Amino acid sequence: MTGNDLSGRRVLVIVTNYGVEQDELVLPARHLRGRGAAVDIAAESLDVVRTLVGDRDPGENVRPSLTLTDAGPAGYDLLLVPGGTLNADSLRLQEPAMDLVRSFTSSGRPVAAICHGPWVLVEAGVVENKTLTSYASLRTDIRNAGGNWVDEPVVSDDTGGWLLVTSRTPDDLPDFLHEVDKELAAVGS
């Protein structure tokens, strides 16, 4: 497998059906698929996912592959949690999403989260002793959950036996995707 070839890698993206930040869902899915990875998008229902731009303007509609309830973690190499304030705030109330996060972390598989996505990880109780970044407004929540929040474009931390890749905003997507590529290429190597 070459550095840009992610053939054979499988990524599970978890979102709600309304409020995910367009670029944090659409661009990573397109990027990873373009490098050969299989990407499944799991949402609350099979209804279209209505993305937003900047938490307010309508974005692209995306068709989910499966529901959060039907998304089993087996066979996936990485869990991706996009942001969007509304998306992350709603997603962290979905027990199937919490179960997926805990399944990935307890099995030692990588998780990548951007912007408000780490809110989901806080709710799942998995950020203790981790160093991570996020949208700045989450720093107190992360610290209160035992995490170490830093203001950097991308952070990778393998403390606790599982890798966490985080970024702050859509502006950090190039760094975020570079790190996700690197980690996915290393899976099973």
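Scope of the values below: all heavy atoms of this structure, side chains included, with no hydrogens, waters or symmetry mates. Model, not experiment: these values are computed from the prediction.
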Practice prompt. Determine the minimum heavy-atom distance between Ala71 and Leu100, stating which atoms define it.
Written response: O-CD2, 3.1 Å
Worksheet item: Checking Thr67 side chain against Ser45 main chain: does a donor-acceptor pair fall under 3.5 Å?
Response: no
Discussion item. Can you confirm whether Ser137 sits close enough to His116 that some side-chain heavy atom of one is under 4.5 Å from a side-chain heavy atom of the other?
Written reply: yes
Worksheet item: Under 3.5 Å, is there a donor-acceptor pair between the side chain of Asp77 and the main chain of Val187?
Response: no
Worksheet entry | Atom pair CG/CD1 of Asp171 and Ile114 - distance to nearest 0.5 Å | 9.0 Å
Discussion item. Evaluate Val81 against Leu91 for side-chain contact (heavy atoms from CB on, under 4.5 Å), listing each step before the verdict.
Written reply: CA-CA 9 Å; Val81 186; Leu91 193 60; 4.2 Å; yes
Discussion item. With a sphere of 6.0 Å drawn around OH of Tyr76, does it hold more than 12 non-hydrogen atoms of other residues, nucleotides or ligands?
Written reply: yes
Fill in: Validation row: Cys115, Glu21 side chains within 4.5 angstrom (heavy atoms)
no
Worksheet item: Same cluster for Val180 and Tyr135 if Ile/Leu/Val/Met/Phe/Trp/Tyr side chains link at under 4.5 Å?
Response: no
Discussion item. Would you say that more than 12 heavy atoms from the other residues, nucleotides or ligands in this model lie under 6.0 Å from the CZ of Arg10, or not?
Written reply: yes
Discussion item. Within the 4.5 Å heavy-atom criterion, are Lys182 and Ser156 side-chain neighbours or not?
Written reply: no
Worksheet entry | Test side-chain contact (heavy atoms from CB on, under 4.5 Å) applied to Phe104 and Val126, step by step | CA-CA 10 Å; Phe104 271 81; Val126 299; over 6 Å; no
Discussion item. According to a hydrophobic-cluster definition based on side-chain heavy atoms being under 4.5 Å apart (Ile, Leu, Val, Met, Phe, Trp, Tyr only), do Val101 and Trp162 belong together?
Written reply: yes
Worksheet item: Are Val150 and Val154 in one and the same hydrophobic cluster, where Ile, Leu, Val, Met, Phe, Trp and Tyr link if side-chain heavy atoms are under 4.5 Å apart?
Response: no
Fill in: Side chain proximity check, Val13 to Val39, heavy atoms < 4.5 angstrom
yes
Discussion item. Within this structure, what is the CZ-CG distance for the pair Arg9 and Leu32, rounded to the nearest 0.5 Å?
Written reply: 12.0 Å
Worksheet item: From Asp157 CG over to Leu163 CG, what is the distance, rounded to the nearest 0.5 angstrom?
Response: 8.0 Å
Worksheet item: Considering only heavy atoms from C-beta outward, does the side chain of Leu80 approach that of Pro28 to under 4.5 Å?
Response: yes
Discussion item. With heavy-atom distances below 4.5 Å as the criterion, would you say the side chains of Pro153 and Arg168 are in contact?
Written reply: yes
Discussion item. Could you walk me through whether Asp181 and His31 satisfy the side-chain contact (heavy atoms from CB on, under 4.5 Å) test, starting with their C-alpha distance in whole Å, then the side-chain angles of each, then the deciding distance to 0.1 Å, before giving a yes or no?
Written reply: CA-CA 9 Å; Asp181 285 352; His31 170 88; 2.8 Å; yes
Practice prompt. Check whether any side-chain N or O of Glu44 sits under 3.5 Å from a backbone N or O of Thr16 as a donor-acceptor pair, and report yes or no.
Written response: no
Item to complete: Could you tell me the separation between the CG atom of Leu86 and the CZ atom of Arg56, rounded to the nearest 0.5 Å?
Response: 12.0 Å
Worksheet entry | For the student: nearest non-hydrogen atoms of Pro64 and Val48, plus distance | CD-CA, 4.3 Å
Discussion item. If the threshold is 4.0 Å, N to carboxylate O, is there a salt bridge linking Arg102 and Glu95?
Written reply: yes
Worksheet item: Taking the side chain as C-beta and beyond, is there a heavy-atom pair between Thr166 and Trp149 under 4.5 Å?
Response: no
Worksheet entry | Leu121 side chain near Val111 side chain, heavy-atom distance below 4.5 Å | yes
Practice prompt. Determine the minimum heavy-atom distance between Ser107 and Ser103, stating which atoms define it.
Written response: OG-O, 2.9 Å
Worksheet item: What's the shortest heavy-atom distance between Thr133 and Asp151, and which atoms?
Response: OG1-CA, 4.1 Å
Discussion item. For Gly147, is there any backbone N or O sitting under 3.5 Å from a side-chain donor or acceptor partner on Glu128?
Written reply: no
Fill in: Hydrophobic cluster identity match, Leu138 and Val20, side-chain contacts under 4.5 Å
no
Item to complete: Test Val49 against every option in Asn17, Val26, Asn87 by the side chain to side chain contact (heavy atoms under 4.5 Å, CB included) rule and name the one that passes.
Response: Asn17
Response to the item:
So CG of Asp158 and NZ of Lys130: to nearest 0.5 Å the spacing works out to 6.5 Å
Discussion item. Show the nearest heavy-atom pair for residues Phe176 and Ser167, with the distance to one decimal.
Written reply: CB-OG, 3.2 Å
Worksheet item: Is Leu27 reachable from Leu78 through a run of I, L, V, M, F, W or Y residues, each pair having side-chain heavy atoms under 4.5 Å apart?
Response: yes
Worksheet entry | Over all atoms of both residues, closest heavy-atom pair of Ala88 and Trp119 | CB-CE3, 3.9 Å
Discussion item. Does Arg50 qualify as a cation-pi partner of Tyr18, given the criterion of NZ or CZ under 6.0 Å from the six-membered ring centre and within 45 degrees of its axis?
Written reply: no
Discussion item. Tell me which one of Thr159, Leu164, Asn148 satisfies side chain to side chain contact (heavy atoms under 4.5 Å, CB included) with Leu132.
Written reply: Leu164
Practice prompt. May I ask you to decide if Leu46's main-chain N or O and Arg63's side chain share a donor-acceptor pair within less than 3.5 Å?
Written response: yes
Worksheet item: Would Ile41 and Val15 count as a side-chain contact (heavy atoms from CB on, under 4.5 Å) if you check the C-alpha gap in whole Å, the side-chain angles of each, and the deciding distance to 0.1 Å?
Response: CA-CA 7 Å; Ile41 299 169; Val15 297; 3.9 Å; yes
Item to complete: Give, for atom CD1 of Ile14 and atom CG of Leu79, the distance between the pair rounded to the nearest 0.5 Å.
Response: 4.5 Å
